[in-house]
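Everything on this sheet refers to the single structure shown next.
Here is how names work: the chains are called A, B, and so on, in the same order as the sequence lines, proteins then strands, and each is numbered from 1.
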Number of protein chains: 2
Amino acid sequence: MNIGIASEKSGLPSKTIRYYEDIGLLSPARTGNGYRDYSMADVHRLRFLQRSRSLGFSVDECRELLSLYHDKDRESADVKAIAEAKLVEIDRKIAELVGLRDLLHHLVEYCQGDERPDCPIIDELSGEGMVL
Amino acid sequence: MNIGIASEKSGLPSKTIRYYEDIGLLSPARTGNGYRDYSMADVHRLRFLQRSRSLGFSVDECRELLSLYHDKDRESADVKAIAEAKLVEIDRKIAELVGLRDLLHHLVEYCQGDERPDCPIIDELSGEGMVL
DNA sequence: GGTAAGGCTTCCGGTTGATGGAAGGTCAAC
DNA sequence: GTTGACCTTCCATCAACCGGAAGCCTTACC
């Protein structure tokens, strides 16, 4: 199957699929004319990558998950550890963003948003604010 | 004042300060020996940048905020609009991450995390899961 | 047989926001 | 006079791709 079809089936752009091949995440067969030829197993692998990436795993983590996926003797604890680390990281990111939002929200509320030049947001950024 | 001092005073690494100059965010004077020579106004500008970036504004948004900062006739509404757009974006990012966390959390809870190979996380990623 | 469209190939460059390092000039102290 | 800290420029690298150019391959249509 050509890359266009693999792209449709996996939900990944062709560009991304070639990129994943470049960095060694898969190596499809080639037909006589030099076209890449994807098997169903390749597509499966691509979908795995698409799902993992959309769950926030980095490409390197995906690489690790893929090797665990193919390791029939894997221990589920190994997979769980990766997922839990990711969870902690996501929680940290959320907390950081919430803090950011609260601060920004506070500033926006205090800003009149009219035609006058007084602006607590600018004051804050310039170091003359009362919040930070 | 040399870049090292400006770095200390602004809280930005020297590398970053030079980078900001490269992309046209400031242009300090030079002394006879070719060293950059920062004024207090430069340092003020750098702190403004440091604060804006840490509030999640992109470099281009910082550029815009800086020009509003120096525009004595600015309307606070202009600044507020930028901040509000950023707020919406941050909220969207938070919602996305929360969704991600919930899903991942769900998977981690269902995973035994023992020495056996059965793993709902891998099942999910491989498309054999029950959640997605 | 010609040709036009669309899909495929490789390769190169750009994105964002810096960061690391090499090679070399400068300055202050001992 | 030489060490060490600081400064300069330039070039490369990171993640995870995306866009586009130049050039094959295949298929359809006349």
Query raised in the report: Hey, is the side chain of B:Arg63 poking within less than 4.0 Å of OP1 or OP2 on C:dT16, counting only N and O atoms?
Result: no

Query raised in the report: Using a distance-only test with no angle check, is there a side-chain donor-acceptor pair under 3.5 angstrom linking A:Asn33 and A:Thr31?
Result: yes

Query raised in the report: Phosphate oxygens OP1/OP2 of D:dT8: is one of them under 4.0 Å from a side-chain N or O of B:Asn33?
Result: no

Requested in this report: Measure the distance from CG on A:Asp22 to P on C:dC12 and round it to the nearest whole Å.
Outcome: 12 Å

Query raised in the report: Roughly how many Å is it from CZ in B:Arg18 to P in D:dC7, rounded to a whole number?
Result: 7 Å

Query raised in the report: In terms of the nearest nucleotide of DNA chain C, which residue is placed more toward the 5' end: A:Ile5 or B:Tyr19?
Result: A:Ile5

Query - Pair B:Arg45 + B:Asp42, salt bridge at N-O below 4.0 Å - result: no

Query raised in the report: Can you check the A:Ile17 CD1 to C:dG7 P distance for me, whole Å?
Result: 14 Å

Query raised in the report: To the nearest Å, how far apart are B:Leu49 CG and C:dG17 C1'?
Result: 13 Å

Query - Any A:Arg30 side-chain nitrogen or oxygen under 4.0 Å from OP1 or OP2 of C:dT10 - result: yes

Report summary line: When rounded to whole Å, the CD to P distance for the pair B:Glu8 and D:dC7 reads 10 Å

Query - 5'-most by nearest nucleotide on DNA chain C - B:Gly32 or B:Val59 - result: B:Val59

Requested in this report: Return no unless some side-chain N or O of A:Thr16 is found under 4.0 Å from OP1 or OP2 of D:dC18.
Outcome: yes

Query raised in the report: With a 4.0 Å cut-off, would you call B:Glu64 and B:Lys86 a salt bridge?
Result: no

Query raised in the report: Does a distance-only test, which skips hydrogens and angles, find a donor-acceptor pair under 3.5 Å between the side chain of B:Tyr20 and the base of C:dG17?
Result: no

Report task. Have a look at A:Ser14 and say if it touches a base, only the backbone sugar-phosphate, or nothing, with a 4.0 Å heavy-atom cut-off. Result -> nothing

Query raised in the report: How close or far is atom C1' of D:dA15 from atom CD1 of A:Ile23, stated in whole angstroms?
Result: 9 Å

Query raised in the report: Nearest-Å distance, CE (B:Met1) to C1' (D:dC7)?
Result: 16 Å

Query raised in the report: Any N or O donor-acceptor pair linking the side chain of B:Lys15 to the base of C:dG17 at under 3.5 Å?
Result: no

Query raised in the report: Quick one: are the ring centres of B:His106 and B:Tyr110 less than 6.0 Å apart?
Result: yes

Report summary line: The answer to which of B:Gly4 and A:Leu12 contacts DNA chain D further toward the 5' end, by nearest nucleotide, is B:Gly4

Query raised in the report: Does OP1 or OP2 of C:dC8 have a side-chain N or O of A:Arg36 closer than 4.0 Å?
Result: no

Report task. With the side chain of B:Tyr35 defined as its heavy atoms from C-beta on, choose the nearest nucleotide among C:dG25, C:dA18, C:dC8. Result -> C:dG25

Report task. Look at all strands and tell whether A:Arg53 reaches a base, only sugar-phosphate, or nothing, counting heavy atoms closer than 4.0 Å. Result -> sugar-phosphate

Query raised in the report: Just by modelled atom types, is the B:Arg47 backbone N or O under 3.5 Å from a matching donor or acceptor in the B:Ser10 side chain?
Result: no

Report summary line: Rounded to whole Å, the CG-P distance (A:Asp37 to D:dC25) equals 17 Å

Query raised in the report: Is it true that a side-chain atom of A:Asp37 and a backbone atom of A:Met1 form a donor plus acceptor pair closer than 3.5 Å?
Result: yes

Query raised in the report: From the list C:dT10, C:dT19, D:dT8, which nucleotide is the closest neighbour of the side chain of B:Pro13?
Result: C:dT19

